[in-house]
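Chain letters run A, B, ... following the sequence lines, proteins first and then strands; every chain starts at 1.
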Amino acid sequence: MIVILGPTATGKTAIATRLAATINGEIISADSRQVFRGMDIGTGKDLSEYMVDETPIPYHLIDIVDPGTEYSLFNFQHDCYRAYDEIVAHGNMPILCGGTGLYLESVIRAYPIVEVPMNEALRTRLQPLSLDQLSEMLAKLKKLHNHTDTESRERVLRAIEIETFYRDYPQKVENSRKVIEPMAIFGIYFDREVIRQRITQRLKERLENGMIEEVQRIVDRGVSHERLQKYGLEYKYVSLYLQNKLSYDALFEELNIAIHQFAKRQTTWFRRMEKNGISIVWLDGSWSIDEKVQKIVNSLKI
RNA sequence: GGGGAGAUUCCAGAGUGGCUAAAUGGGGCAGACUGUAAAUCUGUUGGGCGACCUUCGGAGGUUCGAAUCCUUCUCUCCCCA
């Protein structure tokens, strides 16, 4: 497997598909939002990029669930392994490509994650407890990393559910899966300032190309604004705009900033991966697509 | 032409004599994060390691001490002509 990663607006897909065309690859998308059908413009899902010189490049984990459906880390890892197996069975090269750091890492480092079903009995028992009590309980089950674990009731409940399951069925947590060791991990690098410019430019285009209408369509299909806002960024801000909670100018300005900040968080994650011993080969974003692909192909031959 | 308001650290915006390198918010920067991750959360933000040094439009003054008071200059905004 080859991995291609990078923050948003750095042109990962074009490189991955072009690479796939030259080495018989298939793409596995590692993007937490492109899994949703109909969320296209806002997620930068451009299926035309999967056609290289008249040849369709097979892709996986894009358009696999409807908006509103739960899709989490476990689902991703599970689906990713399945896609990987399929691609290998075709005799092709899996190319994992995306910007969702947690998702990428769950595969690269083979996080042991098992399917943890809803535990209604447990939830009923926890029902009367306060958020503080729940947090205390969770603290006994696992090492809390920061407030993130204990900010919302929903989150703490799920965490307790998972930890309880792990405690009760330790044998299921054993990861039988053979770790997929990527041949190489490539990252696309631009200066932060350049990334910001690219994001702003891209946002203008998205707004001109029907992003607002796209979100409206999702609303029309019955997805709540509350749900939409949890998808963050374009979906959150456009949802607020559609509800008249934001002017058009505020939509542009605030969303733009939010995406800039997101790109920063992504790079923080990639740096963290490197600190944890994952080596990433950075490709200069200003090179042409062909140059980057050539660079990748050359480095794979060595 | 007449009258009024104002110029504060990247931005907005408090601060009206010592407790002020200066509230707060935004932005920036750095970070945490194995089940919402495009989420959620934390730290930091004039310079220097430091006794210290340079900041609140410019210049001058009052005072033991000024972003805060006085004089003057420059610029901006509003109202009336």
Side-chain angles (χ1 to χ4, degrees), chain A residues 5-9 29-36 39-45 65 67-80 98-119 135 138 141-166 173 175 177 191-193 195-196 199-200 202-203 206 211 215 224 226-239 250 253-276:
Chain A
L5 55 76
T8 190
S29 160
D31 186 306
S32 67
R33 299 291 122 108
Q34 290 196 8
V35 296
F36 297 108
M39 286 168 61
D40 303 335
I41 300 171
T43 62
K45 185 195 299 166
V65 291
T69 315
E70 284 293 333
Y71 193 83
S72 73
L73 184 64
F74 165 75
N75 299 298
F76 172 78
Q77 195 196 40
H78 176 262
D79 294 345
C80 181
T100 303
L102 178 66
Y103 283 12
L104 290 164
E105 211 176 298
S106 75
V107 173
I108 295 169
R109 298 181 62 188
Y111 287 177
I113 308 172
V114 294
E115 186 161 20
V116 176
M118 280 268 261
N119 185 337
S135 305
L138 181 63
L141 289 164
K142 69 176 271 199
K143 193 168 73 209
L144 302 183
H145 44 81
N146 55 30
H147 299 277
T148 311
D149 281 327
T150 55
E151 283 293 320
S152 88
R153 197 176 169 83
E154 209 183 323
R155 218 184 154 86
V156 184
L157 281 174
R158 181 60 179 156
I160 292 174
E161 197 166 57
I162 289 164
E163 291 307 320
T164 307
F165 183 89
Y166 283 3
V173 184
N175 210 355
R177 179 83 206 187
D191 281 336
R192 187 75 52 76
E193 185 49 45
I195 291 180
R196 275 197 281 262
I199 288 170
T200 302
R202 190 185 67 177
L203 178 57
R206 287 182 177 182
M211 184 166 78
V215 178
S224 71
E226 194 193 2
R227 179 80 224 181
L228 232 27
Q229 277 162 48
K230 286 193 178 169
Y231 288 135
L233 301 186
E234 359 288 274
Y235 297 92
K236 172 182 171 185
Y237 286 92
V238 173
S239 161
E253 203 173 313
E254 291 180 29
L255 172 55
N256 196 219
I257 289 166
I259 304 170
H260 293 352
Q261 293 172 333
F262 167 56
K264 187 183 166 355
R265 266 178 276 132
Q266 287 180 298
T267 57
T268 299
W269 188 282
F270 299 139
R271 277 197 288 237
R272 180 183 110 118
M273 285 171 65
E274 293 184 290
K275 272 192 274 178
N276 289 335

* Given the rule in the salt bridge (Lys or Arg N to Asp or Glu O under 4.0 Å) test, do E234(A) and R33(A) qualify, once you have shown the distances and angles that lead to the verdict? -> CA-CA 11 Å; E234(A) 359 288 274; R33(A) 299 291 122 108; over 6 Å; no
* **Nearest-neighbour nucleotide for the L102(A) side chain, U34(B), G27(B), G31(B) considered** => U34(B)
* To do: Answer with base, sugar-phosphate or nothing: what part of the nucleic acid does Q261(A) contact at a heavy-atom distance below 4.0 Å?
  => sugar-phosphate
* Asked: Does a sphere of radius 6.0 Å around CD in E274(A) hold more than 12 heavy atoms from other residues, nucleotides or ligands, not counting ones at 6.0 Å or beyond?
  -> yes
* Asked: Using purine N1 to pyrimidine N3 plus N6-O4 or O6-N4 for Watson-Crick, or N1-O2 and O6-N3 for G-U wobble, each under 3.5 Å, what pairs with U76(B)?
  -> A5(B)
* Name the pairing partner of A30(B), where a pair is Watson-Crick or G-U wobble with both distances under 3.5 Å, or state none. => U42(B)
* For the side chain of T100(A), counting heavy atoms from C-beta on, which of G27(B), G35(B), A37(B) is nearest? -> A37(B)
* Asked: In Watson-Crick or G-U wobble terms, both distances under 3.5 Å, what is the partner of C49(B)?
  -> none
* To do: Can you tell me, in whole Å, how much space there is between the P of A59(B) and that of A5(B)?
  => 25 Å
* Structure fact -> Quick note, R155(A) side chain, CB onward, closest among A37(B), U34(B), A32(B) is A37(B)
* Asked: Expressed in angstrom and rounded to an integer, what is the separation of W269(A) atom CH2 from U40(B) atom P?
  -> 15 Å
* Asked: What is the distance, rounded to the nearest whole Å, between atom CD1 of I259(A) and atom P of A39(B)?
  -> 10 Å
* Asked: What integer distance in Å separates L73(A):CG from C33(B):P?
  -> 15 Å
* To do: Write down the distance separating the C1' atoms in G48(B) and A38(B), rounded off to the nearest Å.
  => 40 Å
* Taking the side chain of L233(A) as its heavy atoms from C-beta onward, which of A39(B), U36(B), G31(B) lies nearest to it? -> A39(B)
* Structure fact -> If pairing means Watson-Crick or G-U wobble with both distances under 3.5 Å, then the partner of G60(B) is C70(B)
* Asked: From the list U36(B), A39(B), G31(B), which nucleotide is the closest neighbour of the side chain of T268(A)?
  -> G31(B)
* Has the side chain of Y166(A) got a donor or acceptor that lies under 3.5 Å from a partner of the other kind on the base of G35(B)? -> yes
* Asked: To the nearest 0.5 Å, what is the distance between OG (S32(A)) and OH (Y103(A))?
  -> 5.0 Å
* To do: Taking atom P in both C11(B) and G27(B), compute the distance separating them and give it to the nearest angstrom.
  => 16 Å
* Asked: Which base sits across from G35(B) as a Watson-Crick or G-U pair, both distances under 3.5 Å?
  -> none
* Round to a whole Å and report the spacing from OH of Y103(A) to P of A39(B). => 12 Å
* Got L255(A) and M211(A) here, is their nearest side-chain heavy-atom distance under 4.5 Å? -> yes
* Out of U34(B), A38(B), A30(B), whichever nucleotide has its closest atom nearest the side chain of K264(A) -> A30(B)
* Asked: To the nearest 0.5 Å, what is the distance between CE (M39(A)) and CG (L228(A))?
  -> 7.0 Å
* **Nucleotide nearest D31(A) when distance is taken to its side chain, options C33(B), A38(B), C29(B)** => A38(B)
* Does U55(B) have a Watson-Crick or wobble partner in any strand here, with both distances under 3.5 angstrom, and which is it? -> none
* Looking at G35(B), U34(B), G31(B), which one has an atom nearest to any side-chain atom of R158(A)? -> G35(B)
* For T8(A), report the nucleic acid contact type (base, sugar-phosphate, nothing); a contact means any heavy atom under 4.0 Å. => nothing
* When you measure from the side chain of F74(A), which nucleotide among A37(B), A32(B), G35(B) comes out closest? -> G35(B)
* In the structure shown, which nucleotide is the Watson-Crick or G-U wobble counterpart of C19(B), with both distances under 3.5 Å? -> none
* To do: Kindly indicate whether the side chain of S32(A) and the base of U36(B) share any N or O donor-acceptor pair separated by less than 3.5 Å?
  => no
* For the residue pair Y231(A) and F36(A), categorise the inter-ring angle as parallel (less than 30°), tilted (30 to 60°) or perpendicular (more than 60°). => tilted
* Asked: What is the nucleic acid contact for G42(A), judged by heavy atoms within less than 4.0 Å: base, sugar-phosphate only, or nothing?
  -> base
* With respect to the side chain of R192(A), which nucleotide from A30(B), A37(B), C41(B) is positioned closest? -> A30(B)
* Asked: When the C1' atoms of G46(B) and U54(B) are considered, how many whole Å apart are they?
  -> 8 Å
* Hunt down the Watson-Crick or G-U wobble partner of G65(B), both distances under 3.5 Å, from any strand shown, or write none. => none
* Student check: side-chain heavy atoms of R158(A) and V116(A) closer than 4.5 Å -> yes
* **Sugar-phosphate, base or nothing in reach of R227(A), heavy atoms under 4.0 Å** => nothing
* To do: Name the residue closer to the 5' end of RNA chain B, choosing between N276(A) and R196(A) according to the nucleotide with the nearest heavy atom.
  => R196(A)
* Asked: If every non-hydrogen atom of I113(A) is compared with every non-hydrogen atom of Y166(A), which pair is closest and at what distance?
  -> CA-OH, 3.9 Å
* To do: Can you tell me, in whole Å, how much space there is between the P of U62(B) and that of U71(B)?
  => 15 Å
* For nucleotides A22(B) and U55(B), find the distance between their C1' atoms and express it as a whole number of Å. => 10 Å
* Asked: When the P atoms of U68(B) and G61(B) are considered, how many whole Å apart are they?
  -> 15 Å
* Could you tell me whether S106(A) contacts a base, only the sugar-phosphate backbone, or nothing, with contacts defined as non-hydrogen atoms closer than 4.0 Å? => nothing
* Y231(A) has an atom OH; how far is it from atom P of U40(B), in whole Å? -> 14 Å
* **Check: L104(A) and F270(A) side chains under 4.5 Å, non-hydrogen atoms** => yes
* Rounded distance (Å) that lies between atom P of G35(B) and atom NE2 of H78(A) -> 18 Å
* Between U34(B) and R272(A), is there an OP1 or OP2 to side-chain N/O distance shorter than 4.0 Å? -> yes
* Asked: To the nearest Å, how far apart are R265(A) CZ and G28(B) C1'?
  -> 14 Å
* For C41(B) and A7(B), measure between their P atoms and round to the nearest Å. => 35 Å
* **Nearest-angstrom distance from the residue atom CZ of F76(A) to P of A39(B)** => 17 Å
